[in-house]
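Sequential numbering from 1 along the given sequence is applied to the chain's residues.
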Amino acid sequence: MDFNDYYSIDAILAENQKVQCKFKQKIPNMGHLGGGTERDITQNAKLQMPVWLSYIILYSGWADLVFPAPFAQRVHNALKAEPRSVRLSGLVGAGASWYMLGRMLMDIIQGSRAKELSEMMTEAFTARLMEVVDQAYHFANVGSMTGVSAAGTPQAFREGLDNTERELFLLARNSEKASKEWYDGGNHRAKPI
């Protein structure tokens, strides 16, 4: 999943996530940027804007980024306490990826804050990965043992997963199903010569 890929739907969704910017100065004739009806953006105004637009606003020095709630200390503490219980999909919404949005924010903030964000996302991913794979293997085997499809069963578990984790879940589940079919089909046994 490459967030720099122009054609990546995940990157497009992540770039359209809104972040809040606090303006340092008055910007004339730009009130429409925040979707408001005001003609100008006033000093200290806080406006929600998509990540792709915030790059320009922040790098121009017109505004500062208000750190987004999905990456706030509250989320960090929850991830440290029990990373598997945090519903990452509910933090960013609109089908966007928490990890991808975090990666884009790291490019914006840079420095020590970006390093902290990187460490938080790496720790969360590492702590959650084994559970994702375990659940994928479990649901792949449940479907093959009972003879019925387990397609609806993992849905509840997957709802809390980030898009990246959801892709890994599907890859692990399909891999386990293919391995089981290969083993059950007897293709692993040596053929007599």
- Leu91 to Pro70 - nearest heavy-atom pair and separation: O-CG, 3.2 Å
- To the nearest 0.5 Å, how far apart are SG in Cys21 and CG in Leu47? 8.0 Å
- Message: Let's go through Asp40 and Ile27 carefully: what are the C-alpha distance in whole Å and the side-chain angles of both, what is the deciding distance for side-chain contact (heavy atoms from CB on, under 4.5 Å) to 0.1 Å, and is it a yes or a no?
- Response: CA-CA 6 Å; Asp40 302 329; Ile27 311 291; over 6 Å; no
- Minimum heavy-atom distance Tyr99-Met121, with the two atoms named: CE2-O, 3.6 Å
- Task: Search all heavy atoms of Leu101 against all heavy atoms of Ala14 and return the closest pair with its distance.
- Result: CD1-O, 3.8 Å
- Message: Check whether Asp162 reaches the backbone of Leu88 with its side chain - one donor and one acceptor, N or O, closer than 3.5 Å.
- Response: no
- Message: Pair Lys26, Ile41 - check side-chain contact (heavy atoms from CB on, under 4.5 Å), show working.
- Response: CA-CA 6 Å; Lys26 179 181 176 182; Ile41 297 175; over 6 Å; no
- Task: Kindly check if the number of other-residue, nucleotide or ligand heavy atoms within 6.0 Å of CD (Glu38) is above 12?
- Result: no
- Just grab all the salt bridge (charged side-chain N to carboxylate O under 4.0 Å, His left out) pairs involving residues 45-56, residues at least two apart or on different chains. none
- Task: Please test Val86 against Arg128 for side-chain contact (heavy atoms from CB on, under 4.5 Å), starting from the C-alpha separation and ending with a verdict.
- Result: CA-CA 10 Å; Val86 178; Arg128 293 167 60 93; 4.2 Å; yes
Atom pairs and distances, donor-acceptor, side-chain atoms in residues 56-67, under 3.5 Å, two or more places apart:
{"from": "Tyr59", "atom 1": "OH", "to": "Asp107", "atom 2": "O", "distance (Å)": "2.8"}
{"from": "Ser60", "atom 1": "OG", "to": "Ile56", "atom 2": "O", "distance (Å)": "3.2"}
{"from": "Ser60", "atom 1": "OG", "to": "Ile57", "atom 2": "O", "distance (Å)": "2.7"}
{"from": "Ser60", "atom 1": "OG", "to": "Trp62", "atom 2": "N", "distance (Å)": "3.4"}
{"from": "Asp64", "atom 1": "OD1", "to": "Lys24", "atom 2": "NZ", "distance (Å)": "3.4"}

- Message: Under the side-chain contact (heavy atoms from CB on, under 4.5 Å) test against Met120, which residue among Lys115, Lys80, His76 passes?
- Response: His76
